[in-house]
Asker: 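There's a structure below that I have some questions on.
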Amino acid sequence: IKKTWPVEKITKIKAGAHDFRLPGALYVDAILASAEMGDESHCEEVACAYLGFTEADPDIKSQVGYDPERGMEILERLISSNGSNSKAAFLLGSFLVGCDGLMMFWQTRLCQRNPAKEFPHFDATRGISYLNQSMEIGCIEAKYLLGLLYLADDFVLNDKEKGIKLLEEL
């Protein structure tokens, strides 16, 4: 079916997910295959699964496992191919500063940040850069997260004045 049906049709009906919630469900295979072929419509959800975000699709997460390098690569590809992808920039930026951006994006609350010493992918400079890029193209979640980060005493780029200014602009 994957070779003869269009990916959009498989993912639309979520074939294979109705009766059995198995990691190998056909729709998960179709989503992964479409992301690998460069179809951007499912790349964010695949990247979030690779990054281990809490709110990522559990079926995709169970099939791909935790592979942050792969997740970051997918988001970087999305950002470079479409400079106005504020959500991809937000997700990557939040990950690099140790936050679960998907949880924050949907629940508009800050989740626990991973301390830099316990999070090997922590890169405040790159994370802030992606969050700024996201904020500049209209992502209010990025502005909110940046404001909170700048106010956090334990954040390496702490800047209370900048944090207050960003939050007041919301």
Side-chain angles (χ1 to χ4, degrees), residues 11 28 31-32 34-36 38-170:
T11 56
V28 174
I31 287 171
L32 294 175
S34 73
E36 289 300 318
D39 175 10
E40 294 183 358
S41 60
H42 299 286
C43 284
E44 286 173 0
E45 62 187 311
V46 172
C48 289
Y50 278 122
L51 295 175
F53 284 167
T54 306
E55 298 294 316
D57 184 307
D59 294 330
I60 298 173
K61 269 174 54 172
S62 68
Q63 187 149 332
V64 301
Y66 181 67
D67 186 349
E69 286 78 17
R70 184 74 181 113
M72 289 187 294
E73 175 188 313
I74 292 169
L75 291 175
E76 286 169 345
R77 187 179 72 224
L78 275 176
I79 294 164
S80 66
S81 71
N82 180 0
S84 63
N85 192 326
S86 66
K87 186 175 179 187
F90 172 75
L91 293 169
L92 183 54
S94 66
F95 179 75
L96 291 168
V97 296
C99 293
D100 183 331
L102 191 60
M103 178 180 280
M104 188 176 172
F105 201 82
W106 292 114
Q107 299 181 12
T108 60
R109 65 184 172 99
L110 183 62
C111 57
Q112 185 67 33
R113 220 169 22 91
N114 291 312
K117 65 180 182 242
E118 296 173 14
F119 186 62
H121 303 287
F122 185 85
D123 187 336
T125 304
R126 279 182 61 215
I128 292 296
S129 175
Y130 282 118
L131 289 170
N132 275 319
Q133 179 182 351
S134 178
M135 179 181 70
E136 289 168 7
I137 48 182
C139 181
I140 61 168
E141 290 83 3
K143 183 178 272 193
Y144 177 66
L145 179 55
L146 281 167
L148 294 177
L149 288 170
Y150 285 130
L151 289 174
D153 290 329
D154 65 340
F155 188 60
V156 294
L157 300 174
N158 177 286
D159 185 337
K160 299 235 186 268
E161 189 175 307
K162 193 182 273 189
I164 290 169
K165 182 177 185 262
L166 286 170
L167 293 174
E168 285 178 342
E169 292 173 0
L170 290 175

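Sequential numbering from 1 along the given sequence is applied to the chain's residues.
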Asker: Residues two or more places apart in sequence or in another chain: which of them pass side chain to side chain contact (heavy atoms under 4.5 Å, CB included) with R70?
Answerer: E36, Y50, D67, E73, I74, R77

Asker: Could you state the interatomic distance from CG (L78) to CG (N85), rounded to the nearest 0.5 Å?
Answerer: 5.5 Å

Asker: Any donor-acceptor pair under 3.5 Å linking the side chain of K61 with the backbone of F53?
Answerer: yes

Asker: Any side-chain heavy-atom pair from L131 and F90 closer than 4.5 angstrom?
Answerer: yes

Asker: Does CD1 in I137 sit with more than 12 non-hydrogen atoms of other residues, nucleotides or ligands closer than 6.0 Å?
Answerer: yes

Asker: What I'd like to find out is whether the side chain of I31 reaches to under 4.5 Å of the side chain of D59, using heavy atoms alone.
Answerer: no

Asker: I need the minimum non-hydrogen distance between F155 and A124, along with the two atoms involved.
Answerer: CZ-CB, 4.1 Å

Asker: With a 4.5 Å cut-off on side-chain heavy atoms, are M72 and L96 touching?
Answerer: yes

Asker: Is there a side-chain contact (heavy atoms from CB on, under 4.5 Å) between K87 and E141? Walk through the geometry before answering.
Answerer: CA-CA 9 Å; K87 186 175 179 187; E141 290 83 3; over 6 Å; no

Asker: Which pair of non-hydrogen atoms, one from L91 and one from C48, has the smallest distance, and what is that distance?
Answerer: CD1-SG, 3.7 Å

Asker: Considering the options L92, L75, L102, V46, which one meets the side-chain contact (heavy atoms from CB on, under 4.5 Å) requirement together with L51?
Answerer: L75

Asker: For F95 and Y130, what are the C-alpha separation, side-chain angles and deciding distance, and is it a side-chain contact (heavy atoms from CB on, under 4.5 Å)?
Answerer: CA-CA 10 Å; F95 179 75; Y130 282 118; over 6 Å; no

Asker: In Å, rounded to the nearest 0.5 Å, how long is the span from CG of L145 to OG of S94?
Answerer: 6.5 Å

Asker: Distance from E45 atom CD to I60 atom CD1, nearest 0.5 Å?
Answerer: 4.0 Å

Asker: Side-chain donor-acceptor pairs under 3.5 Å in residues 156-170, sequence neighbours left out?
Answerer:
| residue | atom | partner | partner atom | Å |
| --- | --- | --- | --- | --- |
| N158 | ND2 | A152 | O | 2.6 |
| D159 | OD1 | E161 | N | 3.4 |
| D159 | OD1 | K162 | N | 3.1 |
| K160 | NZ | L151 | O | 2.7 |
| K160 | NZ | D153 | OD1 | 2.5 |
| K165 | NZ | E169 | OE2 | 3.3 |
| E169 | OE1 | K143 | NZ | 3.0 |

Asker: Could you state the interatomic distance from SG (C139) to CG (N132), rounded to the nearest 0.5 Å?
Answerer: 11.5 Å

Asker: What are the two closest non-hydrogen atoms of A88 and E44, and how far apart are they?
Answerer: N-OE2, 3.7 Å

Asker: Sub-3.5 Å donor-acceptor pair from the side chain of S134 to the main-chain atoms of S86, do we have one?
Answerer: yes

